[in-house]
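Data first, discussion second: the structure below is written as structure tokens.
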Amino acid sequence: QNVFLYENELSFGTDQSRIDDRPILSQAMKARYQYRFYPTDQQRQSLAQLFGCVRMVWNDGLAFCKQSEKLPGYNKLSAMLTQAKKTEDRKWLSEVSSVPLQQSLRNLDVAYRNFFNSRNGKRKGGKMGAPRFKKKTNQQSAEFTKAAFSVKDGLVYLAKIGNLKPIWSRVLPSEPSSCTVIKHCANRYFLSFVVEVELIQLGAKNQSIGIDLGIKTFAVMSNGEKAQSPNYTRIDRKIRKLQRKLARQEKGSNRKNKTRIRIAKKHNQITDIRKDFLHKLSTKVVSENQTIALEDLNVSGMVKNRKLARAISLQGWREFRVLCEAKSDKFGRTFHAINRWEPTSQVCCDCGFKWGKIDL
């Protein structure tokens with residue numbers, strides 16, 4: 001999938017004279033391309049050692065930040081790592097590449113800056129929480145910069161790991177600037193590359209479209225079309241059964257760990273089905289319409305309803321909005337988020353008469 005990373009705000013006009021059947025290459029933006037790979041036993045062991053070192057450096061840096069009266073910057077954290085490698089307890093950090101360890105400290109510094117900027121009102125969006133310690137059972141990742149990896153002849157070389165052979169489901173559009181190796185909770189391995197992609201402006205069939213999101217019917221379009229969301233009930237029922245089994249098992253046992261991995265695989269199955277559905281729907285909507293209007297839903301407030309929280313969480317409304325907004329930038333579309341307090345369901349679309357609240 002494409003996960004678009006915004007470097008700056010991009011805006012496009014709706015002048016029809018600029019819209020043509022031929023693609024027009026415009027500015028470039030950064031995108032993330034992800035590929036799965038299957039490591040050998042030796043590579044699996046090396047990656048486990050790398051993930052452990054990255055996790056330990058993050059936790060040590062976070063503990064150092066919590067003990068300091070003033071937030072230490074990246075330079076002080078890097079000096080702390082250099083001194084730690086010389087001690088007897090942390091000398092094994094030198095056995096892995098130093099690039100992912102330094103990137104872990106950079107990410108910690110950015111996480112703290114975003115946290116304080118969010119608290120001070122300098123950062124847009126909801127309030128961010130403080131960085132937390134990483135666990136061995138959570139998702140693991142290690143980021144390599146350009147100096148520590150290379151892509152050649154279908155193989156990806158990572159420093160002190162070796163050559164990895166991912167499944168190239170599509171060609172990289174440009175030379176990647178960074179590579180992140182990821183291990184999911186269900187023991188799935190991925191390589192994620194950050195690349196630059198060209199923005200393309202294509203002609204659209206329709207001038208505009210409005211989308212109303214729901215639970216029973218995922219999306220109702222203003223042109224009369226409807227999109228039904230996949231049914232996650234069967235998989236979700238199995239997850240709940242396994243979670244009850246997990247709660248009864250002894251902590252730290254092998255059986256508990258096997259059940260945890262089974263639950264993670266079921267969660268990944270739901271995630272894959274949902275992503276596939278959302279990507280196909282968002283691509284169809286953005287490619288066919290010049291202007292897209294979507295309601296800004298208060299999802300965090302809606303999930304407080306205990307009777308609908310599970311069904312709302314499975315839909316992925318927020319993810320659908322992010323995909324539509326990112327693909328609108330890529331294809332030169334105009335995206336509008338309607339105010340969440342606008343009574344769209346209480347106003348007639350023909351005459352504008354407001355009849356008040358209606359039943360759920």
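Predicted model, so just to flag it, every value in this text is computed and none were measured. Values below: every heavy atom of this structure, side chains too, minus hydrogens, waters and symmetry copies. Here, residue 1 is the first one in the sequence, and each next residue gets the next number.
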* **Distance-minimising heavy-atom pair for Lys256 and Glu250** => CD-O, 3.3 Å
* Asp236: side chain to side chain donor-acceptor pair (under 3.5 Å) partners, not counting sequence neighbours -> Arg310
* Which atom names give the shortest non-hydrogen contact between Arg32 and Val194, and what distance separates them? -> NH2-CG2, 3.4 Å
* **Lys327 vs Thr283, side chain to side chain donor-acceptor pair (under 3.5 Å): CA-CA, chis, key distance, verdict** => CA-CA 7 Å; Lys327 292 178 183 181; Thr283 301; 2.7 Å; yes
* Where do Arg260 and Cys185 come nearest, in terms of heavy atoms and distance? -> NH1-O, 3.9 Å
* To do: Measure from NZ or CZ of Arg170 to the centre of the six-membered ring of Tyr33 and say whether it is under 6.0 Å with the direction within 45° of the ring axis.
  => yes
* Asked: What do the steps show when you test Phe133 against Arg55 for side chain to side chain contact (heavy atoms under 4.5 Å, CB included), and what is the final call?
  -> CA-CA 8 Å; Phe133 292 100; Arg55 186 175 63 250; over 6 Å; no
* State, without any angle test, whether Thr145 and Gln103 hold a side-chain donor-acceptor pair at a distance under 3.5 Å. => no
* To do: Please identify each residue that fulfils side chain to side chain donor-acceptor pair (under 3.5 Å) with Thr259, with sequence neighbours left out.
  => Gln249
* For Asn59, which residues count as a side chain to side chain donor-acceptor pair (under 3.5 Å) partner, sequence neighbours excluded? -> none
* Under 6.0 Å between ring centres, would you say that holds for Tyr189 and Phe37? -> yes
* Between CD on residue Gln207 and CG on residue Asn289, distance to nearest 0.5 Å -> 9.5 Å
* To do: Just say parallel, tilted or perpendicular for the rings of Phe277 and Phe218, cut-offs at 30° and 60°.
  => perpendicular
* **Atom CZ of Arg132: over 12 foreign heavy atoms under 6.0 Å** => no
* **OG-CZ distance between Ser118 and Arg123, expressed to the nearest 0.5 angstrom** => 6.5 Å
* Other residues, nucleotides, ligands: >12 heavy atoms within 6.0 Å of Glu288 CD -> yes
* To the nearest 0.5 Å, tell me how far Trp168 CH2 sits from Leu191 CG. => 7.5 Å
* **Non-hydrogen atoms of Val299 and Trp317 that approach each other most closely** => CG2-CE3, 4.1 Å
